[in-house]
Colleague: 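Have a look at this one.
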Amino acid sequence: MLIQDENLTDRSPFLKLRRWQWWLLVAINILFLIAGQAAAVLLGRFYYDQGGNSTWMATFVQTAGFPILCIPLIFLHPSQKLETSTSSTYPSIKIVALLYFVLGLLLAGDNMLYSVGLLYLSASTYSLICATQLAFNAVFSYLLNSQKLTALILNSVVILSLSAALIAVNEDSDGPSGVSKGKYLVGFICTLGASALYSLLLSLMQLSFQKVLRKETYNVVLEMQIYTSLVATCVSTAGMFGSGEWKGLQDEMNGFKSGRVSYVLTLVWTAVSWQVCAVGVVGLIFAVSSLFSNVISTLSLAITPLAALLVFHDEMNGVKVIAMLLALCGFCSYIYQNYLDDTKARKSESQSHTDDVIQESHHV
């Protein structure tokens with residue numbers, strides 16, 4: 001949670017929830033993030049292994065599944081939508097549109113950087129560089145979100161980074177075969193830049209909820225994801241046609257090792273998986289914090305090899321087992337700090353309510 005005491009009132013919608021309800025909400029979003037990201041990474045690996053090579057297509061599918069988010073948005077309670085659209089504190093349409101447009105551009109750029117990085121780097125090197133996003137996010141959260149870094153949080157960040165590093169160095173850290181030193185350097189820089197941009201994006205989303213949208217309802221979370229993904233998808237589509245990669249998609253589908261139907265299904269389920277992950281990411285930002293969301297994202301870097309073990313029968317050696325245990329320890333450290341913050345926030349809210357009651361009784 002990592003919030004200053006004077007900002008506790010910003011989380012009033014969550015302080016009104018029962019303890020088990022709030023933790024259930026957080027647990028569901030954690031499941032979405034980890035399961036969605038693991039599935040998306042595995043499907044992305046399958047796409048490249050079977051002959052896919054379009055970086056713009058890999059970027060496109062990361063946001064193209066956003067229309068499925070309209071389904072839960074439609075079934076939200078009408079009063080929630082009315083409250084959001086008519087609230088006097090809600091910003092103008094122009095400001096909200098500009099916000100979503102800027103975040104969408106950043107999202108598209110981040111997705112493209114990740115796609116290029118994965119193209120020119122091995123999975124191990126890619127994972128090692130991605131672990132730096134925790135360090136970037138700690139800086140951005142401190143600068144933009146006024147968040148504290150306690151000993152437990154620093155411990156969690158260090159352990160999770162070490163876990164991801166162990167998984168990375170456990171495999172061959174060279175670039176894929178046929179990749180020149182120049183392209184390897186490009187992949188390294190792109191992945192490092194993507195990690196920094198991703199961390200900045202998370203902090204900006206949290207800042208947007210606090211300072212611009214000033215609403216912490218789930219329909220606002222869904223709307224942000226839908227509109228930013230729409231912008232990012234349009235940018236990816238323009239890039240695909242502008243670069244000419246669309247001309248080779250038919251040959252890519254025909255040459256897909258597991259067949260044309262498998263090619264289409266791979267792209268469709270990759271898009272769905274990324275949207276499930278995105279809901280978890282944004283949900284954790286508005287329910288907890290951007291740093292917590294980033295820690296869970298890094299935790300999934302350690303969990304994904306388990307999924308690869310089941311799906312692709314990858315080797316699970318002692319180093320990977322140690323990395324899993326470290327990731328679990330780091331995760332528990334962060335969860336415990338969040339529990340302490342949650343208890344403190346609720347005690348503060350309870351004390352404030354008690355003081356108000358006493359003041360009213362004195363007036364009477």
Side-chain angles (χ1 to χ4, degrees), residues 21-49 58 61-73 107 110-111 114-115 118 123 126-127 130-131 133-134 156 160 163-164 167 198 201-202 205 218 221-222 224-226 228-229 262 265-314 316 320-321 323-332 334-335 338:
Q21 291 175 324
W22 187 85
W23 280 102
L24 177 62
L25 175 65
V26 172
I28 291 174
N29 281 287
I30 289 175
L31 178 62
F32 281 172
L33 195 160
I34 293 178
Q37 181 164 301
V41 170
L42 292 178
L43 288 170
R45 181 187 301 177
F46 182 78
Y47 169 75
Y48 285 119
D49 287 346
V61 296
Q62 292 184 51
T63 54
F66 74 89
I68 66 175
L69 300 181
C70 295
I71 298 176
L73 186 63
L107 180 60
D110 183 61
N111 291 342
Y114 274 129
S115 298
L118 188 58
Y126 176 81
S127 299
C130 284
Q133 69 191 37
L134 278 176
S156 175
L160 283 169
S163 173
I167 294 174
Y198 177 74
L201 187 60
L202 291 182
M205 284 183 174
Y218 210 76
V221 176
L222 289 174
M224 172 176 282
Q225 181 59 32
I226 289 171
T228 56
S229 295
S262 177
L265 290 178
T266 298
L267 295 179
V268 169
W269 284 110
T270 301
V272 172
S273 299
W274 277 122
Q275 288 307 304
V276 172
C277 173
V279 169
V281 168
V282 182
L284 288 178
I285 290 173
F286 101 101
V288 190
S289 73
S290 64
L291 183 58
F292 182 81
S293 180
N294 214 345
V295 167
I296 301 302
S297 296
T298 304
L299 173 67
S300 68
L301 294 175
I303 293 179
T304 300
L306 282 177
L309 173 67
L310 297 175
V311 177
F312 297 115
H313 305 291
D314 287 358
M316 179 59 66
K320 288 185 177 180
V321 172
M324 301 299 161
L325 295 177
L326 283 174
L328 180 61
C329 291
F331 176 71
C332 291
Y334 198 93
I335 286 293
N338 196 75

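Numbers for residues simply follow the sequence, beginning at 1. Everything quoted here is computed from the prediction, not taken from an experiment.
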Colleague: Just how far is it from atom CH2 of W23 to atom CG of L25, taken to the nearest 0.5 Å?
Modeller: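 Atom-to-atom, W23:CH2 and L25:CG are 11.5 Å apart.
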
Colleague: Quick check for you: to the nearest 0.5 Å, what is the distance between L24 atom CG and N29 atom CG?
Modeller: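 Atom-to-atom, L24:CG and N29:CG are 10.0 Å apart.
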
Colleague: Which heavy-atom pair separates L107 from T228 by the least distance, and what is that distance?
Modeller: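 Looking at all heavy atoms of both residues, the closest pair is CD2-O, 4.1 Å.
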
Colleague: How long is the span from the CH2 atom in W269 to the CG atom in L42, to the nearest 0.5 Å?
Modeller: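 One gets 14.5 Å once the value is rounded to the nearest 0.5 Å.
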
Colleague: Which heavy-atom pair separates L284 from V26 by the least distance, and what is that distance?
Modeller: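 The answer is CD2-O, 3.8 Å.
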
Colleague: What residues form a side chain to side chain contact (heavy atoms under 4.5 Å, CB included) with A278, not counting sequence neighbours?
Modeller: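 Applying side chain to side chain contact (heavy atoms under 4.5 Å, CB included) to A278 gives Q225.
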
Colleague: Hey, what do you get for OG1 (T266) to CZ (F46), rounding to the nearest 0.5 Å?
Modeller: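 These two atoms lie 4.5 Å from each other.
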
Colleague: CD1 of I68 to CD1 of I226: how many Å apart, nearest 0.5 Å?
Modeller: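 I68 CD1 to I226 CD1: 10.0 Å, rounded to 0.5 Å.
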
Colleague: Considering residues at least two apart in sequence or located in another chain, which fulfil the side chain to side chain contact (heavy atoms under 4.5 Å, CB included) criterion with A64?
Modeller: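 Result, side chain to side chain contact (heavy atoms under 4.5 Å, CB included) vs A64: F60, T233.
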
Colleague: I'd like to know if the side chain of Q275 reaches the main chain of A271, judged simply by a donor and an acceptor atom lying under 3.5 Å from each other, with no hydrogens or angles considered.
Modeller: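 No; judged by distance alone, with no hydrogens or angles, the pair does not exist.
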
Colleague: How close do C277 and G36 get, heavy atom to heavy atom, and via which atoms?
Modeller: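 Nearest heavy atoms, C277 then G36: CB-C, 3.8 Å.
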
Colleague: Could you measure the distance from the CE atom of M224 to the OG atom of S229? Nearest 0.5 Å is fine.
Modeller: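 If we round to the nearest 0.5 Å, M224:CE and S229:OG are 11.0 Å apart.
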
